[in-house]
Amino acid sequence: MPNSSYEKLTATFFSIVAGILVGGLVLKIAGLPVGEAYLVMFNSMFSRANYVAHIIVKSTPLILTGLSVAFAFRTGLFNIGAEGQFIIGATTAALAGYFLDLHPLLEIPLVLLLAVFVSALWGGIAGLLKAHFAVHEVISTIMLNWTAFYLQNYLVMLEGFRRPNSEASNSINVSASLTFFENWKYSDAGILWLEKHPLLADFLRAPVNGGIIIALLAAIFCYIILHKTSLGFSLRAVGHNADAAEYGGIKVKQKMTTSMLIAGALAGAAGATHVMGVSRNIAILASMEGYGFDGIAVALIGGSGAWGPILAGLFFGALKYSGSKLQAALEAPSEVIYIMIGVIVFFTAMPKLFGKISDLIKKRRAHAR
Amino acid sequence: MSEVIVELKNITKRFGSFLANDNLSLSIKKGEIHALLGENGAGKSTLMNILYGLVSPTSGEIFLHGKKVEIKNSLQAISLGIGMVHQHFMLIETFTVTENIVLGRETSRYGLLLDLPQAEHAIQKISAEFGPAVNPRAKISEISVGMQQRVEIIKALYHQAEILILDEPTAVLTPLEIEEFGKIIKRLSSLGKTIIIITHKLKEIKALADRCTIICKGKLVDTVEVAQTSEQELAYKMVGRKVEFKFNKTPPSSQKKILSLQNIVALNKRGLPALQNLSIELYTGEILGIAGIDGNGQSELAEILTGLRAIESGKIEKNGEDITNKSPANLFLKKISSIPEDRQKRGLVLDFSVAENMILQTHHLPPFSRLGFLQKDQIEKHALQLIERFDVRPPQADGLTSALSGGNQQKVIIARELSHDPDILIAVQPTRGLDVGAIEYVHRALIALRSQGKAILLISLELDEIINLSDKIAVIFDGKIVANMDALDADEKKIGLLMAGGSLHA
Amino acid sequence: MLDSILFILSTTLMYSAPLIFAAIGGVLSENTGVVNIGLEGMMAFGAFVGAATTSLCGNPWIGLGAAGMAGLLLALLHAWASIHMAANQVVSGIAINFLGTGLSVFACRILFEGSTMTPPIPLENKIPPLFFGQYATVYLALGLVFFTHIFLYKTIWGPRWRAVGEHPKAAESVGINVYQIRYLAVLASGFCAGLGGASLSIAVVSSFRPTLIAGQGFIALAAVIFGRWRPMGAMWAALLFGASQALVVFVGGQAAIEISSQILSMLPYLLTLLILVFMNKKSAAPKANGISYQRN
């Protein structure tokens, strides 16, 4: 269906244009210089290697939670629970990274696997409840999000894990760190070498880490599972038509659970890479951080192909990072990017609108002739 | 009697490039029962939807009592005294009879608060006029289909309909209910109501209607006085050619018992008994037809044989092997295939390509999957072979299945199921909603399978189909097989009586 | 002892009121067949507009009205997309959530010199207590439940609204304007959610801040489902969630009780899950919920 995916692509493109236009309009109404604001945003995306690095870092969890939501979508499930699965992944990674102290080659995969495994189970709960007790996944994942939220806050404060006199946990061991050249770049030799290579130095000033590689691998993994394996075939069959899948001998309940397990694993990987690559620890949460909710937007904008979630994640990450620069440069609220994202998602909800508009254009053209 | 109450003049309706109604004109007399006859998709329902304001015509005029009217929506139609009973009832299952009837025209206190008792009274009065009473407080989900239809009729009368349009009113009724329905219609007509019945059942037209208008492919064929026209003539006008449904079959060759169902008890999806001590035996090389009115356990019978429903008690054996309550995947491996009742709900994943649908049950097996990975070339090759053998059009393996016509979708299912080389085929309503050509195709495919010595269980609501195709016929009523007979001894009247729960010896 | 019970009871009511408002909004919208997952965004926007208006003009009632209108404005977008554009209602709702929270903080920074918090509203300008020291919004919320119940089940419009949510085609066939009713319901839903937001920002607390709503809209949504799409049911569910917040506050104030407030906070969510597992499996959702309706 080259035609329909072409149409999807144009619809996404126009949604993004609409988002930028409305964002501009809002800035204009607020009395802010629109052109300048967008210039600031553009520059803070591409003008320095450091910015690009920051965007990659910011995008990593978004790509992964986006993949998580998109994966569940393909099985007909709406994973609002990426938020909670992220928290569980982060908490597990923080615990394992702190209490385990092994050789990095052993520690990193072990911490990551543990986090992914536990968050997969967490996601799987929602699948299981849906499959066997007909509990709607939207409500169960909302409940699980809050359970995860308070669980993290509880665990952070446990003696032995809590960093004394703080509202955060102890940091993970360096052996669990995903950050590239973390020790080296602050060592004498590293500083010396980097002085001669300013571009790389600028790039490495951001907490660039292995998370992005994990995110890219995960995207490829999702694509292969969904489109190249018989498991993916059955998952998609359930998503499109569970009745026909059942008739065709596919174990629908089992597939729902499987799908949520995988979705949980992906969102958990987001939490784990965030702790292992960026934050080092977890802290008391005052409110939901929004990685999972942002992932919903990424999934909706990016679709479920191989590249869509990566590009959408990078796009969202770039907006988030450049939006944060607005405040300092122009005193323009960075939240304008959430308005833009909202508008983009809003338009992607209405494929019919683009059909109507293109019909109108065709009619106009026909009239002109 | 002879006053013309409705006149449709030169009605044309286009849906995109499709011409549903082509310059149709029609006049209906007050107090008559007027039948609209035509095949599926002939444009009968579209025409009536135009009269009821649900569809606006591309061109044409409507006159009521000689006055030109424009009916923009159903509210207007109702206020003009037109009522319509749709094929799929417009009833809200969670509401009571009364709530459904008064919807949009509620009786109230102070024009604000619902006053249902007042309406209940009126409803009982209306319903007493022409038939057995309905319980105004019963929930729709709890009453029979025949009763639901009566609610629809009362609803129209409550809205003061003078003209009543009935779309395929008997499709879902039992013979007894049909009889009752006939009486109601006659009674309404004698009360001066004008009745328009959309149907493709010739017998009912003969039994009920005064006049009949035949429509074919959106065009008017003729309007005739029913009393002066034979069924054969009506049929000829409807189809535009003579239809021969009889097949010449060789007598079954090898006859070996392959499937037996013993004292099966199963529940329906509401948890009520659907199959009650049902027993069936199926032999190789034969087609066993299950005749019955919709809702007597046919769906459940098909579901227990395809693993979609568990039985409460009883035993299912294939070649002496116990296959009771096996999963769909398991039954597939036992070489039992099926053409499901609802091809779009069960049979196909419409958003999948044709090739993907062709491997719905086998996607995880070689050669389509190796080590868990799909083998694209094999899948496509397989699909193209089947597409060619079963003449699926358009012949594209990667096209979306939803883009195919109903007949071609059915071919995809048949192709897939026969490609599994089943020992037993469960065919449930295999020709539902198909056009004449496609029906013939499906019938030939079933006969061919029988000639190969396979066993076929044909479950159908079309009695003609059962009688024409089957070697043996079993009549199902209320979840039980009430009679077994050789197809050669079968006659429609006898089976019809049994289907309705009657007894031959009473 | 009696004091403790009274404290928990009144705190429960206070925390439940915002949830009740939003949940009733959800009940109204979803009973006509439009899923409203955007309650969160509508609440946030209502909370901000309510607090901002009150702190600018000094009258909480004007603030409350403005908050309702703010929710209604966002609901208008959702209604247009869901009803006229046959949008995916869940996706549109998610968009509303981004828009609502984004717009609130954006406008807050513009109006209040870069601050993400509105200036605190002095006590005399907050929504006043009515009886028994409870804010007027609490009684308003309970009144709304009562009114919605009467409306949906006792007036002549109730069956029409519910018919639109169950079987829009049947409703239209007897002349009910499906689009009109869905618009009204979604707008009412937004208005209620806006009130819910404001009942937090100008009654429970005295300002808007970005973390104020954080998830309340989703909990209200859960209350709708948990309450089986009925106003009374949604109210009880909202009270359950409110009670847990109250309990946390209560225990936090008791030196004698040593339960982690985090574990305590978790309980209502786990309890809800548990109840859902054992609840009747048959869904009580309106049959046409979430399905767009195309007029001929």
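What you are looking at is a predicted structure, and each value in this text was computed from that prediction instead of being measured. Chain identifiers are assigned alphabetically (A, B, ...) following the order of the sequence lines, protein sequences preceding nucleic acid strands; residue numbering begins at 1 within each chain. Any value given below was found using the heavy atoms of this structure, including those in side chains, with hydrogens, waters and symmetry copies removed.
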(request) Kindly determine whether R160(C) and E106(B) satisfy side-chain contact (heavy atoms from CB on, under 4.5 Å), including the steps that lead there. (result) CA-CA 9 Å; R160(C) 298 183 193 176; E106(B) 297 81 359; 2.5 Å; yes
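The residue among N100(B), I78(B), L103(B) with the most heavy atom pairs within less than 4.5 Å of chain C is L103(B).
Heavy-atom neighbours of W80(C) CH2 from other residues, nucleotides or ligands within 6.0 Å: above the threshold of 12. Summarising the local packing, CZ of F146(C) is surrounded by 12 or fewer heavy atoms from other residues, nucleotides or ligands at distances under 6.0 Å. Residue M69(C) places its CE atom among 12 or fewer non-hydrogen atoms of other residues, nucleotides or ligands, all under 6.0 Å distant. Within a 6.0 Å radius of NE2 in H65(B), more than 12 heavy atoms belonging to other residues, nucleotides or ligands are found.
Listed in order of number, the residues of residues 146-164 of chain B that approach chain C to under 4.5 Å between heavy atoms are K155(B), H159(B).
Counting heavy atoms from C-beta on, the side chains of K169(C) and H86(B) never come closer than 4.5 Å. Side-chain contact check for P159(C) versus E99(B): every heavy-atom pair is 4.5 Å or farther apart. Residues R105(B) and V174(C) fail the side-chain proximity criterion, which asks for heavy atoms closer than 4.5 Å.
Atom-to-atom distance recorded for L114(B):CG and I150(C):CD1 is 11.0 Å, nearest 0.5 angstrom. Distance OG1/T94(B) to NE2/H167(C): 10.5 Å, rounded to 0.5 Å. The structure places CD of E166(C) at 7.0 Å from CD1 of I92(B), a figure rounded to the nearest 0.5 Å. Rounding to the nearest 0.5 Å places OG of S173(C) at 9.5 Å from CE of M84(B). One finds the CD atom of E172(C) at 10.0 Å from the CG atom of L75(B) (value rounded to the nearest 0.5 Å).
Using a 4.5 Å cut-off between heavy atoms, F89(B) contacts chain C through its backbone alone, with no side-chain atom that close. The contact between Y153(C) and chain B is made entirely by backbone atoms, counting heavy-atom distances below 4.5 Å. Looking at S79(B), there are no atoms closer than 4.5 Å to chain C (heavy atoms on both sides), in backbone or side chain. When heavy atoms are compared at a cutoff of 4.5 Å, I176(C) approaches chain B solely by way of its side chain, counted from C-beta outward. The contact between L91(B) and chain C is made entirely by backbone atoms, counting heavy-atom distances below 4.5 Å.
For residues 188-198 of chain C, the side chain to side chain donor-acceptor pair (under 3.5 Å) pairs, not counting sequence neighbours, are N36(C)-S189(C).
Every residue was checked against the side chain to side chain donor-acceptor pair (under 3.5 Å) condition with R14(B), not counting sequence neighbours, and none meets it. Judged as a side chain to side chain donor-acceptor pair (under 3.5 Å), and not counting sequence neighbours, the contacts of H34(B) are E32(B), T213(B).
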